[in-house]
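Presented below is the structure to which this report refers.
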Amino acid sequence: MGDMGGGMRGMGGGMGAMGNAAMQGRKLLIDGLTESISDQMVSRYFQKFGELVDWGRDKSGEGYVVFAESSMLEYCLKRPGHQIDGNEIQVQKAKPFAD
């Protein structure tokens with residue numbers, strides 16, 4: 001899952017680790033990413049809250065980050081608002097997928 005372009009939100013095989021991250025409360029969904037916000041800016045912003053083990057985005061302005069520990073995600077969610085490069089983004093805890 002190293003590339004930043006594909007495979008968002010359980011689209012096909014190889015997403016078992018991401019499902020586990022959601023179940024463990026470590027995956028954060030992001031909405032409102034504009035083209036002017038680089039992948040480096042996203043990772044640098046969310047690293048303020050803790051260690052990232054994965055991240056990605058799609059062309060529609062949605063993305064995700066996976067923290068090493070669930071406490072890091074909870075710390076991030078305590079902040080009332082999030083902005084990257086002056087652009088307001090929305091974040092929410094990922095819900096595990098139901099079979």
Side-chain angles (χ1 to χ4, degrees):
M1 206 68 319
D3 76 349
M4 300 301 283
M8 280 271 310
R9 298 192 188 180
M11 301 299 226
M15 295 299 288
M18 292 299 99
N20 289 341
M23 282 193 276
Q24 295 166 2
R26 299 184 297 117
K27 185 174 182 180
L28 184 74
L29 301 179
I30 310 163
D31 193 21
L33 297 174
T34 64
E35 289 184 16
S36 67
I37 301 173
S38 70
D39 295 337
Q40 184 179 22
M41 293 164 78
V42 173
S43 66
R44 189 170 46 225
Y45 177 79
F46 285 103
Q47 284 173 355
K48 294 188 293 188
F49 302 102
E51 179 186 354
L52 299 180
V53 295
D54 193 17
W55 66 91
R57 70 192 298 174
D58 64 15
K59 305 255 188 253
S60 71
E62 295 180 344
Y64 69 89
V65 294
V66 177
F67 290 99
E69 302 288 335
S70 61
S71 59
M72 298 169 183
L73 180 141
E74 297 300 331
Y75 175 56
C76 179
L77 289 176
K78 286 182 181 177
R79 186 174 181 140
H82 296 273
Q83 284 191 0
I84 299 177
D85 196 37
N87 296 290
E88 188 171 326
I89 58 169
Q90 293 76 45
V91 298
Q92 66 178 344
K93 189 175 185 177
K95 295 179 175 69
F97 299 110
D99 290 334

Partner set under side-chain contact (heavy atoms from CB on, under 4.5 Å) for Gln40, not counting sequence neighbours: Ser38, Arg44
Name all residues meeting the side-chain contact (heavy atoms from CB on, under 4.5 Å) criterion together with Ser43; count only those two or more places apart in sequence or in a different chain, and write none if there are none. Gln47, Leu52, Trp55
Looking only at heavy atoms, which two atoms of [X] and [Y] are closest? And how far apart?
| X | Y | result |
| --- | --- | --- |
| Met72 | Phe49 | CB-O, 3.5 Å |
| Arg26 | Leu73 | C-CD1, 3.6 Å |
| Ala21 | Val66 | CB-CG1, 3.7 Å |
| Pro96 | Met23 | CB-CG, 3.4 Å |
| Ile84 | Met41 | CG2-CB, 4.0 Å |

Counting only heavy atoms not in Lys95, do more than 12 fall under 6.0 Å of its NZ? no
Is it the case that more than 12 heavy atoms not belonging to Glu35 sit under 6.0 Å from its CD atom? no
Lys48 side, atom NZ; Tyr75 side, atom OH - distance, nearest 0.5 Å: 9.0 Å
Donor-acceptor pair, side chain of His82 and main chain of Cys76, under 3.5 angstrom: yes
Determine whether Leu77 and Leu28 make a side-chain contact, defined as any pair of heavy atoms from C-beta on separated by less than 4.5 Å. yes
Ile30 versus Phe46: any side-chain heavy-atom pair under 4.5 Å? yes
Going through the distances and angles, do Leu29 and Lys27 end up as a side-chain contact (heavy atoms from CB on, under 4.5 Å)? CA-CA 7 Å; Leu29 301 179; Lys27 185 174 182 180; 4.1 Å; yes
Salt bridge (Lys or Arg N to Asp or Glu O under 4.0 Å) pairs touching residues 74-94, sequence neighbours excluded, are Glu74-Lys93
Who are the side chain to side chain donor-acceptor pair (under 3.5 Å) partners of Thr34, not counting sequence neighbours? Ser36
